[in-house]
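Here the structure is laid out as structure tokens; the discussion comes afterwards.
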Amino acid sequence: MVVLRHYLPTLHDSADRVVSQYAPNLHLQRPSVQFEADEDQEEPEEDATDSEDDASAATTSASKQPVPTASSKLKLRGCPVVPSSADFLVSMKTGATELFAKLPEQLLTTLRCVPNYMIFSDIEQEMGDYHIYSSLEDVSDSYKYNHRDFSFYRRLLDLYAKGQDLSLLQITKQAEGSAWDLDKWKFIPIAHKVYKEQPHVKWYIFLEADSYMAWSNVLEMLALYDPQEPWYLGAPHYYGEVAFAHGGMGYMISNGAMKLLDEIYDHKHIAKWEQKVSESCCGDVELASVLQEAGINITGIPGLYGESLAWFEWDEGRWCEPALSWHHMRAHDVEAIWQFETKLLSGGDSHYVYRDLFHQLVEPHLSDVRDDWDNMSRDRIYTGSSGRHGDEERRYKHDIVWEDLDEEEREHIWKDLDDDQKERIENDGLHRKDIRWDELSEKEQEAAFSDLSEIEQEAHNSLEQCRAACEDWDECMQYWSSFGRCHLHRTIRLGHYMQSRPYVENEEDLVTIRTVSGWMQDRVRDMKDRAKDCASVADWVKQHAEDEGLLR
């Protein structure tokens, strides 16, 4: 058992009691891991007479051309794209309880074509030939061995020291707290660690172990940006007034930005940041806040999405957009896109767009009717007179007395109202609020149900009537029907298999509940016909750069 030196009680008095309790009988040794060079790479011959000059030259060369890190072990064979190790460093973050569930598929596919990467988890360990870095090593001991967020971490140390399967914690929930409590502490230390390890690469790319990144398209997009400038690129989200790049979708930080971050990475700032993290919800939010403090704001880029293949919304708006990343990907999804990508790019193509993915991975599985399938239809839901109804974008209108709202709520609502809405409040004292079906009173639900068409009122009764409701709604592309429910959707989703299940309605009747999905094939074909021909990815990226004012 290998345990790193930062776990050694004699080095940290504050950790003595906790470590002795949770991690007895430790074998204290810093693992020695060396990167094994590719067998195809020739080793330069050493001239003993010039060893001193060679050592100096090697140091200079290393500073200009970083070698792959110890995490990077797989040979780069059969890869359609091989990013230069001098230009990019990929950081992949995961957790100790899911390490062996999510990481192997990444090592066999996406990371296989990235010669320079570092893998981070809760604790430092080995996985076969791969070295896993601790994302929490640099967190202050006062938090690691005392704060409630780290109760799960201390339990991990206990099981790790005893040689146990850490994934058991994920199943049994034996520890107070969870892996989620630890996750928010990882973002800032990981950003510092990768820059400290390799301060000369042009781009630092950050991923989760359940993400997939299309390297050919990513490199084409990054070519628009000068890495010496302070860039922080990702899919923008907002937490209060903080604009941040969503961690699961992946984000990129330039060398220029890392330099600015490093300038304020000192004990005073770290203490302040750790205090904020201890009180916050999310690590990606806090990283964005720290980058803002260094003078770096997020720049949004397209093609980064938080859905997997099953949940992704296929429509005309994304038809010609280059795919960059996916999130919440299972091993099966990673393998499917990897096989598609490898075949496409090895055939001479250099990039691909969402249209290509739709044709190959989605369209072949769409049919008029598919049993035991949930196609994730969610836009309109019909369940009879006592259930949910209507369109999420067509909320029910409800009049409320303006003065019944507290002052803070009135101020919040007022700033988003148009002139007509404000005039109505001033004249009538009423604000018409959009609310959900379940917020309506029983009387209001009865009135709202009576306003539905007859087809909508009957949609939940059968598969045929559900399909009829979809046909009646011009925007409907697919439907979902199961035991008194009908769901409709305005875009195309693939969805997933859903096993039928028995249901006992009474002692005499046993009903098998089956989920059935269908797609409006004629409307799918119409969408494809309406979709414009896609420009090359290079031209699309260039146009995007011009629109955003990014061209160098």
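In this chain, numbering begins with 1 at the start of the sequence shown.
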Validation: residues 326-334 side-chain donor-acceptor distances under 3.5 Å, sequence neighbours left out:
from   : atom 1 : to     : atom 2 : distance (Å)
His327 : NE2    : Asp210 : OD1    : 3.3
Asp333 : OD2    : Arg330 : N      : 3.2

* So Ile132 and Glu124, side chain to side chain contact (heavy atoms under 4.5 Å, CB included) or not? Walk me through it. -> CA-CA 5 Å; Ile132 312 301; Glu124 193 157 1; over 6 Å; no
* Begin with the C-alpha distance, continue with both residues' side-chain angles, and end with the deciding distance and a verdict on side chain to side chain donor-acceptor pair (under 3.5 Å) for Tyr352 and Glu341. => CA-CA 8 Å; Tyr352 61 92; Glu341 196 175 74; 2.6 Å; yes
* **Residues Asp266, His269; criterion side chain to side chain donor-acceptor pair (under 3.5 Å); working and verdict** => CA-CA 5 Å; Asp266 53 39; His269 283 90; 2.8 Å; yes
* Just do the side chain to side chain donor-acceptor pair (under 3.5 Å) check on Trp480 and Asp374 with the steps written out, would you? => CA-CA 7 Å; Trp480 175 99; Asp374 179 3; 3.0 Å; yes
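A donor-acceptor pair is defined here as one N or O able to donate and one able to accept, closer than 3.5 Å; no such pair exists between the side chain of Arg318 and the backbone of Arg355. A donor-acceptor pair under 3.5 Å links the side-chain atoms of Thr109 to the main chain of Glu105, judged by distance alone. A donor-acceptor contact shorter than 3.5 Å is absent between the side chain of Ser482 and the backbone of Arg485. Looking only at distances, a side-chain donor or acceptor of Ser280 sits under 3.5 Å from a matching main-chain atom of Val277. Lys102 places no side-chain N or O within 3.5 Å of a backbone atom of Ser211 that could act as its donor or acceptor partner. Of the possible donor and acceptor atoms, none in the side chain of Tyr305 sits under 3.5 Å from a partner among the backbone N and O of Ala323. A donor-acceptor pair under 3.5 Å links the side-chain atoms of Glu274 to the main chain of Ser140, judged by distance alone.
Between Tyr265 atom OH and Trp273 atom CH2 the span is 6.5 Å, to the nearest 0.5 Å. Distance check, rounded to the nearest 0.5 Å: OG of Ser500 to OH of Tyr497 gives 6.0 Å.
When ring centroids are compared, Phe150 and Trp185 come within the 6.0 Å threshold. Under the 6.0 Å cut-off for aromatic ring centres, Trp319 and Phe358 qualify, their centroids lying closer than that. Aromatic ring centroids of His489 and Trp311 lie 6.0 Å or more apart. Taking the six-membered ring for Trp and the full ring otherwise, Phe312 and Tyr354 have centroids separated by under 6.0 Å. Remark: aromatic rings of Tyr133 and His131 are close, center separation under 6.0 Å.
Remark: Glu313 pairs with Arg493 by the salt bridge (Lys or Arg N to Asp or Glu O under 4.0 Å) rule, at least two apart or across chains.
The aromatic rings of His147 and Tyr143 sit tilted, their planes meeting at an angle between 30° and 60°.
Side-chain N/O atoms of Lys276 and Ser289 include a donor and acceptor closer than 3.5 Å.
Enclosure of atom CD in Glu279 by more than 12 non-hydrogen atoms of other residues, nucleotides or ligands within 6.0 angstrom is indicated.
When all heavy atoms of Met252 and Ile301 are compared, the pair lying nearest together is SD-CD1, 3.9 Å.
A 4.5 Å side-chain heavy-atom check between Phe88 and Asn116 finds every atom pair outside the cut-off.
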